[in-house]
Amino acid sequence: MTAPAVLSVDLDALARNYRTLERLTGVPVTPVVKADGYGLGAAAVARRLMLEGARTFFIARLSEGVLLRQAVGPEPVIYVLDGCHGEGAPAALRAADLRPVLNQPTQITAWLDSGGGPSALQIDTGMNRIGVRPEDAPEPFAGLELVMSHLACADEPDQPMNRRQRDLFAQATQRYPGVTRSFANSGGCFLGPDFAFDQVRPGICLYGSGPTGRPDDRIAPVATLLVDILQVRDVLAGESVGYSRGFVADRPMQVATCAAGYADGILRRYSPDGQVWVGGEMRPMLGRVSMDVIAVDVTGLDVTAGDQVEVFGPNRLLDDAAAAAGTISYELLTSVMPRVPRRYL
Ligand SMILES: *Cc1c(COP(=O)(O)O)cnc(C)c1O
């Protein structure tokens, strides 16, 4: 059975991006595969990255870690960014051989009191989201394998906060000699060699987005959202298309109704600036995005039911599609709903 909308994932392109980041930084790449591998499918993504040499992964939730462990087997190290959070967390973490990224003294105590084991420590160097402040960083404790921090503005290379965070991290980690340091996310991989530390921790660039939220020649597109045209219809001048007369034709047009809407992850915010690649060119979406369909202007194109439009992919780059929807690539990818099957190339 074929589906009318498919998210196709180019695992070779993913592997190329992994190698690019490895070359660029000169240190091991430890991929972030949270949110089901940014929507692409954490199991398939992680298995392919293991073939490229990845041995450590990061996910956000304990539940994601449990699924990932089943997918990748016993070898790789898996860190849980939420840390040791919630009732029963220590036992659940241990049962799936997951390592918490401990982010506050109560988590450290909970983990150590329950028997401890390999773990990481998050130091907050300015994002004020999660982690201990540098001045509150604890003494080294048993099982501490990794110390990490996260950049707030890595997609803005000129933002002075990047260097301030980097310097704070370098200073704070002096307290933990011999413990592996992990600092740079995707954007951080492009900020220069002194941002790399011992390992880098990218997500989005692996999945085909540029480091500053704009397309970048060094990063290959990975995900392509292809949607079938269900019907091509003639619309007369003065007629409207879709809910609320969101678009009114000022001339006779051909309009393609395509089989994906907001319940598939085509954000409603695409209107009024959404575009898709169809019939060899870029064409505007028309009117409101519905739950199950979008309308596209295909006037003068030689397309018919069963042909496809590309919402994002190699012809309509992810970062450009995100900008048109007033958002970022991360949200576009993680919005693609479960009813859109993932196909791996
Ligand atoms: C999501 C996340 C990353 C990956 O960020 P990208 O911008 O996708 O590279 C790295 N570290 C932490 C702590 C994160 O939450």
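Read the numbers this way: they start at 1 and go in the same order the structure lists the ligands and their atoms.
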Is the shortest side-chain heavy-atom distance between [X] and [Y] below 4.5 Å?
| X | Y | answer |
| --- | --- | --- |
| L62 | L93 | yes |
| L286 | M253 | yes |
| C84 | L102 | yes |

Which heavy atom of the protein is the closest neighbour of [atom], given with residue, atom name and distance?
| atom | result |
| --- | --- |
| atom 8 (O) of ligand 1 | Y38 OH, 2.5 Å |
| atom 2 (C) of ligand 1 | K34 NZ, 2.6 Å |
| atom 9 (O) of ligand 1 | S186 OG, 2.5 Å |

The option among Y330, F58, F183 carrying the non-hydrogen atom nearest to atom 7 (O) of ligand 1 is Y330
If we set the cut-off at 4.0 Å for heavy atoms, which region of [X] has an atom near ligand 1: side chain, backbone, both, or neither?
| X | value |
| --- | --- |
| R201 | both |
| Q122 | neither |
| L81 | side chain |
| V32 | side chain |

As an exercise, identify every atom of ligand 1 less than 4.0 angstrom from a heavy atom of R129.
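Counting from 1, the qualifying ligand atoms are 15 (O).
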Quick one: which ligand 1 atoms are inside 4.0 Å of a heavy atom on I204?
6 (P), 8 (O), 9 (O)
Hydrogens and angles aside, do S329 and S209 bring a side-chain donor and acceptor to less than 3.5 Å of each other?
yes
State whether R133 and D124 are salt-bridged, where the test is any N-O pair (Lys NZ or Arg NE/NH1/NH2 against Asp/Glu carboxylate O) under 4.0 Å.
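No.
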Hey, is ligand 1 close enough to P202 that some N/O pair sits below 3.5 Å?
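Between P202 and ligand 1, no N or O pair is found under 3.5 Å apart.
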Working to the nearest 0.5 angstrom, can you tell me the gap between R19 CZ and L24 CG?
14.5 Å
Hey, can you tell me if Y38 and Y330 have their rings parallel, tilted or perpendicular (30° and 60° cut-offs)?
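Judged by the thresholds at 30° and 60°, the geometry between Y38 and Y330 is tilted.
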Let me know which of R201, H150, Q122, Q199 forms a side chain to side chain donor-acceptor pair (under 3.5 Å) with S182.
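Of the listed options, the one satisfying the test is R201.
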